[in-house]
Q: 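Pasting in a structure now, in structure tokens, and then I'll have a few things to ask.
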2 protein chains.
Amino acid sequence: MTKVKEAAVLPRNEILQGDCIEIMAGMPEASVDLIFADPPYNLQLRGDLHRPDNSRVDAVDDEWDRFASFETYDAFTRAWLKQARRILKPNGAIWVIGSYHNIFRVGAALQDEGYWILNDVVWRKSNPMPNFRGKRFTNAHETMIWASKSEGARYTFNYEALKSLNDGIQMRSDWVLPICNGGERLKDANGDKAHPTQKPLGLLHRVLVGATNPGDVVLDPFFGTGTTGAVAKMLGRDWIGIERDAGYIEVAERRMKDIRAYDRSALQVSQSKRAAPRVPFGQLVERGMLRPGETLVSVNGKAAAKVRADGTLVADGVNGSIHQVGAALEGAPSCNGWTYWCIRRDGKTVPIDVLRQQIRSEMDTAG
Amino acid sequence: MTKVKEAAVLPRNEILQGDCIEIMAGMPEASVDLIFADPPYNLQLRGDLHRPDNSRVDAVDDEWDRFASFETYDAFTRAWLKQARRILKPNGAIWVIGSYHNIFRVGAALQDEGYWILNDVVWRKSNPMPNFRGKRFTNAHETMIWASKSEGARYTFNYEALKSLNDGIQMRSDWVLPICNGGERLKDANGDKAHPTQKPLGLLHRVLVGATNPGDVVLDPFFGTGTTGAVAKMLGRDWIGIERDAGYIEVAERRMKDIRAYDRSALQVSQSKRAAPRVPFGQLVERGMLRPGETLVSVNGKAAAKVRADGTLVADGVNGSIHQVGAALEGAPSCNGWTYWCIRRDGKTVPIDVLRQQIRSEMDTAG
DNA sequence: TGTTAAGCTGAATCTAGGT
DNA sequence: CACCTAGATTCAGCTTAAC
């Protein structure tokens, strides 16, 4: 057991090397405004995974992500959450990010340790890695838990700032952001990624704008290559990083030196304007706008097809998407099924595109 | 403790009134294909909530949603999950839906009871209720956990059907669907909503199309007003509902009577190649579709191999199956020889897979 | 220099069936 | 159970090469 300094002065704007449980134990209690934590996920990966083109997936197989059992992982989780809670100010809060491998254990531990969950926030990745074997759903999101130190605490929530970030509409619990790649992704001397799980700046930007004020102290107990520190510094917050790995610290130190507060251009992240959202034909079936077994008629009245439960059509032995079946029946190279296929409604024949428009207008009002 | 009948016959297509833990305890083990559960969320709401216009929000404040503590809720959760797991077939699976109030406890319990989590799936609501006080994020999603009975189980996943539902792109772990309202929302005699947390049909449609096959047995231990049963019946699955509340059962019974199954042909979903009958490469030689001594060319044009009478290939001193030789020549860990090796036909280079297709279509027409 | 095509990669608990 | 082999399987975005 390492001897721990008692009630030392809180360090600021530096990276501390070592185990986060021990280092937090040496910090004064009730001194930190926000903790953002990206702990090991305990992925429990087995063998290799290859893409259909036979290239190998560069998996997270680092030593720091390996735990002997759920019990071991739980003990670790509860230990660092306990110290984190001790050093939080009474009105402080915590964010923890994870995947289904670990997030349920983290969430239960948060509740058991006395934190009060305010929201779970879903990071919906716009460009996740697909499921190569077709055995599960694309793992397209990660989950963040936002919790105050205790029930009734007066946590920071910059409602208006977040609303502005979201084009004037109240920010929701699901955030669409791309994964960290391109120029933002830190590389080592060999040109390989410096850290296997670097988080995007945009994610931290939204967290810190929403949950802290300038001058607040932000602590990241699993600092890695320092995304939390980078955004905190840009936004004029004080930051503290704790990290075990000397290699990551070296990259992070270099990174932090180059960060300037309020560097506008660095804050520009993925403000892509929304194109008309894609609506799969299958949604019309799922939502009951079309029944499986129902018949669609072609716009020229010459062809008919039957809807199946999986959102495909069947006609004259042809089965496939609305576009494929339309093209096949017309002997055409392609066909826009949305305008080709029609239903009877109010005595009129209307293209199924009107149903798609209905869904799109619902999505618009939802933000 | 209620006396429980042992290894009774599994009831089908009916609603059983009572406590789901006791009733499941009376069911034969390994008899159910899929469980969909929407357990109490343990919302812990304090006091009334009012909208900005001072109208009162009709919150979930029913007795069944109240638990004294996390310990009580955990005990309840583990008890019903244990029974649920017992009655699941070895290759069965479970879906549980919840919010941040309870889903972390449910997820940890699932893992502790021996279930194997396959995905967490986020239901992203297109029209959620806003956060009226502006103190948190709009609670715009709920989380579902999909888990098999145990690690390594061969669970059902209709990959191609779900891909069809999503316009030909692999289905992701985030699903955008509207909440249940309008004509779909069941009303009681007073015109009020019959159940506070009725789930949309579209959600269950996607779950059941993806995770069951026609004829499977689907159990919902918290049946409520029967959305799971309704979709199961429409999709030609058998269903079992368990519900404590007589009022909900009455609504559900009435609802189930009016449900009609879609016709058979509409229930056919796109099959994956995995389900197609296996055709040994040797059959192509036996049937004279390929001659011993004939040369095959690789799809990239870089390699060639000669067919032998026993259905193996030879190239550059390598001899073996179409897959083994392909993998060896490419230096790859594996190779699908059916799509890798090609023949010349009508002046074009086509993969030998088309020959396999010919055999398979003959098998189809032969019955 | 501009445009197009090909290549690479990302927190992944990623097979099925026979002997 | 272990072991072996057939053979099924990917989306978006950025980078680099080719034209």
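All values below come from the heavy atoms of this structure, side chains included, with hydrogens, waters and symmetry mates left out. Naming convention: chains lettered A, B, ... in sequence-line order (proteins, then strands); numbering from 1 in each chain.
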Q: With a 4.0 Å heavy-atom cut-off, tell me which residues in residues 121-134 of chain A come close to DNA chain D, sorted by residue number.
A: A:S126, A:N127, A:P128, A:P130, A:N131, A:F132, A:R133
Q: Grab the NE2-P distance between A:H50 and C:dA12 for me, whole Å please.
A: 15 Å
Q: Using a 4.0 Å heavy-atom cut-off, does A:D38 contact any base of the nucleic acid, only the sugar-phosphate backbone, or nothing at all?
A: base
Q: Classify B:Y159 by what it touches in the nucleic acid, base, sugar-phosphate, or nothing, heavy-atom distance under 4.0 Å.
A: sugar-phosphate
Q: Suppose we call two aromatic rings close when their centres sit under 6.0 Å apart. Are B:Y155 and B:W116 close by that rule?
A: no
Q: Would you say A:S321 and A:H323 are linked by a side-chain donor-acceptor pair, where the criterion is simply a distance under 3.5 Å?
A: no
Q: Can you find a side chain N or O atom of B:H323 that sits less than 4.0 Å from OP1 or OP2 on D:dG7?
A: yes
Q: When all nucleic acid strands are considered with a 4.0 Å heavy-atom cut-off, which category describes B:I169: base, sugar-phosphate, or nothing?
A: sugar-phosphate
Q: Please check the phosphate of D:dA8 (OP1 and OP2 only) for any side-chain N or O of A:K135 closer than 4.0 Å.
A: no
Q: Hey, does B:R356 reach any base, or is it just sugar-phosphate, or nothing, if we go heavy atoms under 4.0 Å?
A: sugar-phosphate
Q: Backbone N or O of A:P40 within a donor-acceptor pair of the A:Y73 side chain at under 3.5 Å?
A: yes
Q: Using atom C1' in both nucleotides, what's the gap between D:dT10 and C:dT9 to the nearest angstrom?
A: 12 Å
Q: Say we look at D:dG7 and C:dC14: how far apart would their P atoms be, to the nearest angstrom?
A: 23 Å
Q: Tell me whether the side-chain N/O atoms of A:K193 come closer than 4.0 Å to OP1 or OP2 in C:dT9.
A: no
Q: Name the pairs: protein N/O against N/O of nucleotides 16-19 of chain D, kept only if under 3.5 Å.
A:
none

Q: Within the distance-only criterion (no hydrogens, no angle test), does the side chain of A:D19 pair as donor or acceptor with the backbone N or O of A:I21 below 3.5 angstrom?
A: yes
Q: What is the separation between atom CH2 on B:W146 and atom P on C:dC14, rounded to the nearest whole Å?
A: 12 Å
Q: Counting any heavy atom closer than 4.0 Å, what does A:P39 reach on the DNA or RNA strands: base, sugar-phosphate only, or nothing?
A: base
Q: Taking the C1' atom of each, how far is D:dC19 from C:dT1, in whole Å?
A: 12 Å
Q: What is the distance from CG of B:N336 to C1' of D:dT10, rounded to the nearest Å?
A: 15 Å
Q: Can you tell me how far C1' of D:dT10 sits from NZ of B:K273, to the nearest Å?
A: 14 Å
Q: Would you say a side-chain N or O of B:R278 is under 4.0 Å from OP1 or OP2 of D:dG7?
A: yes
Q: B:W338 near the nucleic acid: base, sugar-phosphate alone, or nothing, with a heavy-atom cut-off under 4.0 Å?
A: sugar-phosphate
Q: For B:S272, does its backbone N or O pair with a side-chain atom of B:Y159 as donor and acceptor, under 3.5 Å?
A: no
Q: In terms of side-chain heavy atoms of A:A59, which of D:dC11, C:dA11, C:dA12 is nearest?
A: C:dA12
Q: Is the phosphate of D:dA6, meaning OP1 or OP2, less than 4.0 Å from a side-chain N or O of B:R274?
A: no
Q: Is there a donor in the side chain of B:S164 and an acceptor in the side chain of A:T312, or the other way round, less than 3.5 Å apart?
A: no
Q: Is there a donor N/O on one and an acceptor N/O on the other, under 3.5 Å, for the side chain of A:R51 and the base of C:dG10?
A: yes
Q: How many whole angstroms separate atom CG of A:D58 from atom P of D:dT10?
A: 22 Å
Q: Are A:R356 and A:W338 in a cation-pi setup, meaning NZ or CZ lies under 6.0 angstrom from the ring centre and within 45 degrees of the ring axis?
A: yes
Q: Specify the separation, in whole Å, of atom CD of B:Q283 and atom P of D:dA6.
A: 15 Å
Q: Categorize A:K199 for me: base, sugar-phosphate, or nothing, with a 4.0 angstrom heavy-atom threshold over every strand shown.
A: base
Q: Regarding A:T138 and B:Q170, do their side chains bring together a donor and an acceptor under 3.5 Å, going by distance alone?
A: yes
Q: Apply salt bridge (charged side-chain N to carboxylate O under 4.0 Å, His left out) to residues B:E362 and B:R287 and explain how you reach the verdict.
A: CA-CA 13 Å; B:E362 286 170 28; B:R287 294 184 172 211; 2.8 Å; yes
Q: Tell me what B:S321 touches on the nucleic acid: a base, only sugar-phosphate, or nothing, going by heavy atoms under 4.0 Å.
A: sugar-phosphate
Q: So is A:R105 actually on top of A:F70's ring, under 6.0 Å and inside 45° of the axis?
A: yes
Q: With a non-hydrogen cut-off below 4.0 angstrom, is A:D65 in contact with a base, only sugar-phosphate, or nothing?
A: base
Q: Between the base of C:dA12 and the side chain of A:S99, is one N or O donor paired with an acceptor at under 3.5 angstrom?
A: no
Q: Report the secondary structure of DNA chain D in dot-bracket form, marking unpaired bases with a dot and bases paired to a different strand with |, and treating Watson-Crick or G-U pairs with both distances under 3.5 Å as paired.
A: .|||||....|||||||||
Q: Would you confirm whether the ring centroid of A:W123 sits within less than 6.0 angstrom of the ring centroid of A:W175?
A: no
Q: Between A:E286 and B:R206, is there a salt bridge with N-O shorter than 4.0 Å?
A: yes
Q: Taking CG from A:D62 and P from C:dA12, how many angstroms apart are they, rounded to a whole number?
A: 12 Å
Q: For A:G182 and A:D53, take the nucleotide of DNA chain D holding the closest heavy atom to each; which residue's nucleotide lies nearer the 5' end?
A: A:D53
Q: Any side-chain to backbone donor/acceptor pair from B:D33 onto B:G92? Under 3.5 Å, distance only.
A: no
Q: Applying the side chain to side chain contact (heavy atoms under 4.5 Å, CB included) test to B:W95, which of B:I145, B:V121, B:L208, B:I35 qualifies?
A: B:V121
Q: Round to the nearest Å and state the distance from B:R154 atom CZ to C:dT15 atom C1'.
A: 9 Å
Q: What's A:Q198 touching, base or sugar-phosphate or nothing? Going by heavy atoms closer than 4.0 Å.
A: nothing
Q: NA contact type, B:G320, heavy-atom cut-off 4.0 Å: base, sugar-phosphate, or nothing?
A: nothing
